Structure formats: structure tokens, C-alpha cells
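First the structure, in the form of C-alpha cells, and then the observations on it.
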Amino acid sequence: MTFKEHFNNRILFFDGAMGTELQKNGLKKGELPENLNINSPEIVARVHKSYLDAGCSVLTTNTFGANSLKFQNVTEIVTSAVEIAKNTVKESGKQAFVALDLGPLGKLLKPYGDLEFEAAYELYKEQVVAGEKAGADLILIETMGDLYEIKSAVLAAKENSELPILVSMIFDEKGILLTGADIKTAVITLEALGVDGIGMNCGLGPDQMLELLKEMTKYSSTPIFIQPNAGLPVSVNGVTTYNVSPQEFAEKQLKMLKNGACALGGCCGTTPEHIKAMIDLCKNEKIEKISEKHITAVTSYSKSVIFGDKPVIIGERINPTGKKMLKEALRNNDMDYIYREGVSQADAGADILDVNVGLPEIDEPQMMYNAVAGLQSILDTPLQIDTSDTVAMEKALRIYNGKAMVNSVNGKEKVMDEIFPLVKKYGGVLVCLTLDEKGIPETADGRIEIAKRIIAKAEKYEISKESLVFDPLCMTVSTNKENAKITLECIRRLTDELGVKTVLGVSNVSFGLPNRELLNSTFFTLALQKGLSAGIINPKSDAMMNSYYSFCALNGLDGNFEQYIENVTETKNEVKTVDVDLKTAIIKGLKAQTQELTKKELETKTPIEIIDSILIPALNVVGKGFEENTVFLPGLLMSAETAGVSFAVIKEHILNSGTQTEEKGRILIATVEGDIHDIGKNIVKVLLENYGFSVIDMGKDVAPERIVERAEKEQIKLVGLSALMTTTVPSMEKTIRLLNEKCPDTSVLVGGAVLTEDYAKTIGADFYGKDAMSSVRIAEKFFAK
Amino acid sequence: MLLEYDLHEAARYMGYKHGAEPSEEMCELCEKAYRELLKVITPKYIYKEYEFTRTEDGIIVDGTEFKSKKLLNHLRNSTSIILFGATVGVGADTLVRKYSVTDAAMTSVAHCVGASLVENLCDKACEELKDIIKGEHRPRFSPGYGGLDISSQEDFFKLLPMTKQMGVTLSKNYLMTPTKTVTAFIGIIKE
């Protein structure tokens, strides 16, 4: 019988703590436990044997930290570790499975730390390949605190082996992972990745874990295994001990079985005695197969959105169709514009953000990758990957930190054959459009037929209907007055007859008619009443959101009307109308009024006049104050940002009028390789941009070669480099050297906490900026030449 | 544990000099940053008490040497030492990252208020430690300061389970993530 056949059919017993048992058997202080697999295999075998004798049915290899960040000979260590465990089982004549143990890498992945997702994948892959080859029966990924790291490990296991994959996580007492996910989010994300078992280990004792287990069984359709510590650690005279006795441990673990766990083991502080007591008490218990929960949900790294609880708002604004500013931002690779659009929609109440960055003239896969990576590093709102380019879709799904919404598939055979495998592999909730090779059927019957075909085909790919959300499409009523009715009928039938969740892009309905918001918001209410699960709308539209909040309030979905009261009754956009001019507004940093004030100025002045006679002089007043210590950094930034709002209005005006402006100069900036501090660099960027310079920001931790390549390509005359640490100044020096070699006409401006004027000179910089303001002064002088 | 920030300390981090008073608007920004930070921080701290021995220019803890004459001097009457680590978690970094694309002023304010919060966490944690470990507690002394090279963080992490218990990791340049994290030695003088 294979592991999968056993798991969830009869109770399986994992072993207990490895490290402390190795110490009891001769591991020396300071020695890495994984080295014993090579140096003293007999010690490892002795521990395995003690757990086998206790009655374990799964042995865990001694490979917790065996990755190439710590070891040079990973393959050798893993191979030996698996062989030791297998031989121990063989010699005992007993039956037990051998689990290849993978622990966390000890480095946080980006954006928290400096480890790339694909680098983490490679580290795990090396262990997986060696472990399967040596004969492991399953892969146990354990003590994990970050969903993103888990994803890299699971993909490495899935793509490089055929073995069952179990994932066990370490939660705190509130049931939260280190990077913020709660149990619900963790379970939904892991199921999307298609793991065979979900568990908890370490960090907590059995009492705390029992509570978390109850939460886990609410959401999981996947078998659950539990490996607690022998209580919470207590420090006695500097020595960590655990107080739960073997008998107590056994009794508490029995409760886990009765509350839905199907496999048990132990973690820190547990011994073969604990495991034996547990097995003796629990081995004759009966367990039931875990039930299917039928949940449609997406997640981010820390948050989940469940369809069906309450209508879901999907923000539609990151989509270039009909949006000049966004198109311009995409062409200029202005990612911040996209990120800001994401933040403002999330602030306005979007539960999920649609991300569509397709433009004919750009590299869509790369742009999609950048957009998803950037958005998920600043927002906990789940994303909807919206593209017809399957390369872009796969690239985004691979690095997405959570379970994404995928937009979209339809009834065309070819499209289904392309999209379903991607969703099967990476997980996701898939938007299904009810159209096929023949177009959009005019009747509800026709659209329902396509929906049924999509469900049947998805089943062949082992994708359940909970992973599908149907969009019955809506055409404008101006071409056929029945259009809205047909769509509403489809929503009702999809909900009632097929039992699936629905989604709709609402605003098409009003195309060609006046006062579209009124029609859109009314149609939205009608659709919600028919059972619509999610609307793809503009969350920044008061009319649409008012419909939504009213619907929720009237349907008992808004507790004590908190959302309604907070968002609807209060008059929005209330701007205190203090009588100020634009210049004063910028000096004082009055962001809220700047937009209107700028528009007013544009009625009588040209953009250049406004910039030269109002914005720059205002910024100079504040800049001077900063230099004289009467204005401090946040004040300077507030003014700069207020000027930025004004610049944005002017830029939009210019774009709409089609005229060109003169550019003051282009500057490439970056924080040098090895340095992950970018606050200083970002401040300089904001100021430079608001003084009218065009800034290419390469981010932080940027390799010298990449900076030089970009400077060459873009023919940059001034490069700004930032370093905060003494340890990263050498990499700044290397960048300057390389720039001097390859781009002799380019000058370099440096800044950062550890630098001084003299120091800057010795490493070959042309200019030293002691603070953000002085960088602006230098740039002004440089480009005035 | 409800953390609080010190307005003047935060202002100092922002570059306020010569005791300049933050304006009313600035106080409001600090309050806003504080409210947002409270929603996302996950304060945790750990500690472990060790015996230590002295060398000519540093100390040895559990076989590992930390070289710094200032540290040695700092611990001159101490009878044992606590290795201490505290973090407000990854949420603060995510918030600062979010502000960095939406609001530069708030980026700086949240960064500085966050730094003040982790200091407050250390102060409160150290108060708690005084009840647990008897004796006089010397002020905190952190790797990277007082001539104790920043690379000593690697050894510090071997003696205190910063990664396993709090999820704090070190970059190749010995910077800690989450960034709002503190490590420190605390000398204990027992009767």
C-alpha cells in the first residue's frame, strides 16, 4: 500500500523531536545535526529506531536545515539521511514510511527579506531530487511560517517529484503565521497548491493547538495532521524545558483525533516515551474521512476573500482600456502609478484588484510580473490576473503570493485546453465567460449550455466547480432592450440551477446612453438581488459603492450598519475651503485643495507658466527652509508631494491637449547592490520629480552591471547612487568604476548615511549630495550647463 | 502589550534639530502613522540568560567571542548576561513600503514612529525582564554599536533563536528583516 492509500484511511503516527534526541545520543554542542548523516549515521539510526520501537508509522529524515545556504554537500547529506531511515525500517522488520523532511531556509523571501522566490525554489529542488532518488515515500515540509516560502517548496516538490506532499505550519497562539496569514487563508492557499496533507507543528503545545485545529477543520477538505510541542517552553536557569508528560501528551493528542485530525506526531520536547504513550492510547481509535467544504475563495499572503459570504467588489481600474494616464504610465514603465491605483482602490473598499496591463507595444509578461510583484509587496488585497497572454498568466501565477483569481477562460476548446492546466498547477479561482467559438449566445439558454460545457471540461482536468466563477456577460441595452434582462436571468439560473458563483463587469450595460452611473448602479443592485457573487466595478465611484453598501444594509449583511454609516451617510470629498492660492497650498502641503487650485490656474496660464512661476518658487521656499533648519524632512516631503499632485493635473492637461513639454533632465537612481534600504533614495526621487526632472528608479539592491547597462541603453548623463551601510560602499565604488569604463560621459552623484564629501571623492564620485535637497541643487546645476 | 511612541524621539529620527517642536500638522501625521502601525504590528521579544567570561578586548558567551572593549567595559561588574531580541514584525515594513509609493511624507513619518515603537517595545520588555531575572540590569548594548562589529550579529543569532521563534533573518550584510528589530546584550549584576 502506498502512503496516499493509508493517509486519511487509518491513523498514521509520525515521530517526535529529532534535535534533542540526537543530543541525548551524542550530538555535540555547536555541531550541525545534519552532518551526523555523514559522520555518525549510527546516532541518527538509533533515534529512528527508538521511534520505530515506540510504534511510529512515519519516520522523518534528519534533513531539516539541509539546504545549500548552509551545506555544500546537500545531495550527499539528503541521500544518506533517507538511506539511514530506510535501512532502520528494513532491519526492524516493521512497516513504516520515510518522509523527506524540508524545513524553512532561514532567510526571508522578498519583499520581506533578500531571497528571490526562484532562488528558494532551487534550494528546495536540490533536496527534493536527492530525496526522491534515495527512496523517500513522501515529502514533509514543516515548521513553515511564510506562505510564499511554502509555495516555493511545494512547487519544487510538485515539479521535480511524484511524491505526496505534506505541509505543516508554525502558528502563534492567535493562529497567525509569521508573515500574517490566519488559518483560513493558509488552508485555502495550500489546498489551491494541491498538497496532500495540511498540518501544524512546533511553536505551541497541544492545548493551544486544539483550538486552532477546530478552526482548521472548518475550512480544510484536506487531511489534517498535528505535531505539537510537549507544552510551551519554560526557561529554567537558562535551559529550555517542556512540561507536558507522556501520559498527558497522549490524552491531549487523543482529543485531536476526536476533533478531526487523522495523523499525529510530536515536535520540540517530545520523546519516544511521549510518542509511545500517544500511540498506545490512540491506535484503536476510528477516524472519519475529512468532509468536502465546497469553498470558493481567493487569498493574498495574509488575507482571504470568500465568495458567497457577502458580494465581492473587484476593482477594475488597473486596465488600460480607455485610460490615457494608465497607458502612458505603462509605456514609461511608471510602476508607481499602477501601485497607487491599487492602493486607492483598496482604500475605497475593493476586496480584489483586477490587474490588466496589456498594451500592444509593451512586453506584457514582464509588465504583468512587475505589477503583481509590486502590488503584492504593498497590499494584502488578493489580485485577479487578467490577461489573454498565457505566458504572462503563467509568469504571474507562479510568483503570486496566495491563491489568485484568474481572468479568464471561455467555452472555446482551445482556450480551455490552455488555461485549465495552469489553474490546476498553480491553483486559483477562474473567471469563465459564457461565450464560445460562435460568440455570445443571445439567449439565457445558450449561455447556460456553455457554462455546463465548461464545468464538464474542467472536471476532466480535476478542477472542481468551486474553482470556477461564471460571468454571463452583459451587452448594452441600447442595442437590444432585452440585454440586461437576459443577463439577470443567467445570474439567477447559474446560481439556482448550476449552484455556481457568478461575476459580472457591470458598466457595459449603459454604453451609448447618458448618465451611465445611474444605470450602472441600478443594474448592479438588480444583479446582486439575483444572486451575483462579485461585481467588477470602479470602487472609487460613489454611485456604485452606494448601491453596494445599501444592498448589504438591506440584506442584513452589514452587522449594525457600520459600513453603511461610515461610507454612505457622511458627505464625501468635503474639502475645507480655506482661501489660499496654489503657491501657499504647496508651501503648507495642503494636498486636498491642490487639484482644484491647479485646474483654476490652468484656465488662465500655460503649464510652463504655472511650473515656473508657482510650483518651483514654492518648492524653493520650502527647500530653503530645509537648508536653514526651519523646515524638516516630512514638511519638505509634504510640499513636494503637494507639488506632485499639481504636476499630475498639469501632466493630464498636457496629455489631453497633445502638446509636448521640455524635459529638465533625466536621472537614473538606485540603491547599490547589497543594500536594502531605500527610504533615502525614494525621498531624493520624490524631490527630483517634483522639481521637474525625469527619474528612472531602478530600486534597491541593484547589481553594478544592471545599472551600467541601463545607463548605456538610456544614454543617461547623471546617475544617482545611494548606500546606507559601510559594508555596501565597496559595491558603490565598483558601480562607479564600471560606469567610468563603459559610459565615460556619465557623471555620478552619491549620497547616504555613511558617506562624506571626502569619502565620496575617494571612491570616484563626481558629486556628493549631503541630503535630498542638495541632490536637487546639484541636478539643477548639472543640467543648466 | 500596547506600545506607545515618543513624539520627540520620532521627530529626532525625522531630522528635527535643536529641540524644534513638531507642528500641529506633523503631530497629526504621527498620530495617523501610529494608528495604522497599531493595526499591523505583531510585537514579540525573546531572551536568554548566559554566563560569560572576559578576554582582553571583549567577552566570550558559550564559546563565542564578541570583540569590543566598550562592551567589556559596559559589563564590568556584571555577573551574567542576557541576549535580548525584539521585533514589531513584518507588518510595519509592508506599511512603510505602501507609503513609499503613495505618500513620501508618511513614509518618513511611519518609518520614524515605527522606530520609536520598537524602542518602546524594548523598554517595556526589559521592565518585564527585571521581574523575571533578579539583579541590576545594565542598559542595552547592540551589535553594530560601540565598536562591536555588525558581523557579530551572525554569532548573536546562533545563541538566540531569532529566526525560529520570531522570524527575524539576517541578510548577507547582517541587516535584520523585519527592519524594526533590535538585538542587544544586557548585563546583569547579581548581589
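A quick note: this is a predicted structure, and the numbers were derived from the prediction, not measured. A note on names: the letters A, B, ... follow the listed sequences, proteins ahead of strands, and every chain is numbered from 1.
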Practice prompt. Using non-hydrogen atoms and a 4.5 Å limit, figure out which bit of A:Thr728 sits close to chain B: side chain, backbone, both or neither.
Written response: side chain
Worksheet item: Between B:Val96, B:Ile82, B:Asp103, B:Leu95, which has the largest tally of heavy atom pairs under 4.5 Å with chain A?
Response: B:Asp103
Response to the item:
In this structure, NZ of B:Lys164 is separated from CG of A:Leu178 (nearest 0.5 Å) by 12.0 Å
Fill in: Contacting region of A:Pro111 [heavy-atom separation from chain B under 4.5 Å]
both
Worksheet item: chain A: which of B:Ser171, B:Gly15, B:Ser108 shares the most heavy-atom pairs with it under 4.5 Å?
Response: B:Ser171
Worksheet item: Nearest 0.5 Å, what's the NZ-NZ distance between B:Lys172 and A:Lys107?
Response: 8.5 Å
Response to the item:
Pair count under 4.5 Å, heavy atoms only, with chain A: among B:Pro178, B:Cys112, B:Ala105, highest is B:Ala105
Practice prompt. Could you have a look at B:Leu175, B:Thr179, B:Val109 and say which one has the most heavy-atom pairs with chain A under 4.5 angstrom?
Written response: B:Leu175
Discussion item. I'd like to check B:Arg97 versus A:Tyr339 (side-chain heavy atoms, cut-off strictly below 4.5 Å). Are they in contact?
Written reply: no
Worksheet entry | Contacting moiety of A:Lys591, where chain B heavy atoms sit under 4.5 Å | side chain
Discussion item. Please classify the contact between A:Tyr301 and chain B as side chain, backbone, both or neither, with a heavy-atom cut-off of under 4.5 Å.
Written reply: side chain
Discussion item. Heavy-atom cut-off 4.5 Å, strictly under: side chain, backbone, both or neither for A:Asp172 against chain B?
Written reply: side chain
Worksheet item: Got a sec: does the CD of A:Glu628 have more than 12 other heavy atoms crowding it under 6.0 Å?
Response: yes
Worksheet item: If you count heavy-atom pairs under 4.5 Å with chain A, which of B:Ile133, B:Thr102, B:Thr163, B:Thr107 comes out on top?
Response: B:Thr102
Discussion item. Around atom CD of B:Glu51, are there more than 12 heavy atoms from other residues, nucleotides or ligands closer than 6.0 Å?
Written reply: no
Worksheet item: Got a sec: does the NZ of A:Lys70 have more than 12 other heavy atoms crowding it under 6.0 Å?
Response: yes
Worksheet entry | Closest-packed option against chain A by number of heavy-atom pairs under 4.5 Å, given B:Asp93, B:Thr64, B:Val40, B:Asp62 | B:Asp62
Worksheet entry | B:Tyr99 vs A:Ile378 side-chain heavy atoms within contact, under 4.5 Å | no
Discussion item. If you define the side chain from C-beta out and look only at heavy atoms, does anything of B:Met106 sit under 4.5 Å from A:Leu637?
Written reply: no
Discussion item. Assess the residue pair A:Met638 and B:Leu29 against the criterion (side chain to side chain contact (heavy atoms under 4.5 Å, CB included)); give the C-alpha distance rounded to whole Å, side-chain angles, the decisive distance to 0.1 Å, and a yes or no.
Written reply: CA-CA 10 Å; A:Met638 269 161 74; B:Leu29 289 190; 3.3 Å; yes
Worksheet entry | Segment of A:Asp697 engaging chain B (4.5 angstrom heavy-atom cut-off) | neither
Worksheet item: Would one find more than 12 heavy atoms of other residues, nucleotides or ligands at under 6.0 Å from atom NZ of B:Lys67?
Response: no
Worksheet item: Which bit of A:Ser639 comes within less than 4.5 Å of chain B, counting heavy atoms only: side chain, backbone, both or neither?
Response: neither
Worksheet item: For the atom pair CZ (A:Phe632) and NZ (B:Lys17), what is the distance rounded to the nearest 0.5 Å?
Response: 7.5 Å
Worksheet item: Roughly how far, to the nearest 0.5 Å, is OG1 of B:Thr169 from CG of A:Asp114?
Response: 7.0 Å
Item to complete: Go through the steps for B:Thr94 and A:Tyr112 under the test side chain to side chain contact (heavy atoms under 4.5 Å, CB included), then give the verdict.
Response: CA-CA 8 Å; B:Thr94 306; A:Tyr112 312 107; 4.0 Å; yes
Discussion item. Using modelled atom types and a 3.5 Å cut-off, is there a donor and acceptor pairing between side-chain atoms of B:Asn173 and backbone atoms of A:Gly674?
Written reply: yes
Fill in: Region of B:Met26 that comes under 4.5 Å of a non-hydrogen atom in chain A
side chain
Discussion item. Which residue in the set B:Val168, B:Thr177, B:Leu170 passes side chain to side chain contact (heavy atoms under 4.5 Å, CB included) when paired with A:Leu108?
Written reply: B:Thr177
Discussion item. So for B:Lys158, is it side chain, backbone, both, or neither that comes closer than 4.5 Å to the heavy atoms of chain A?
Written reply: neither
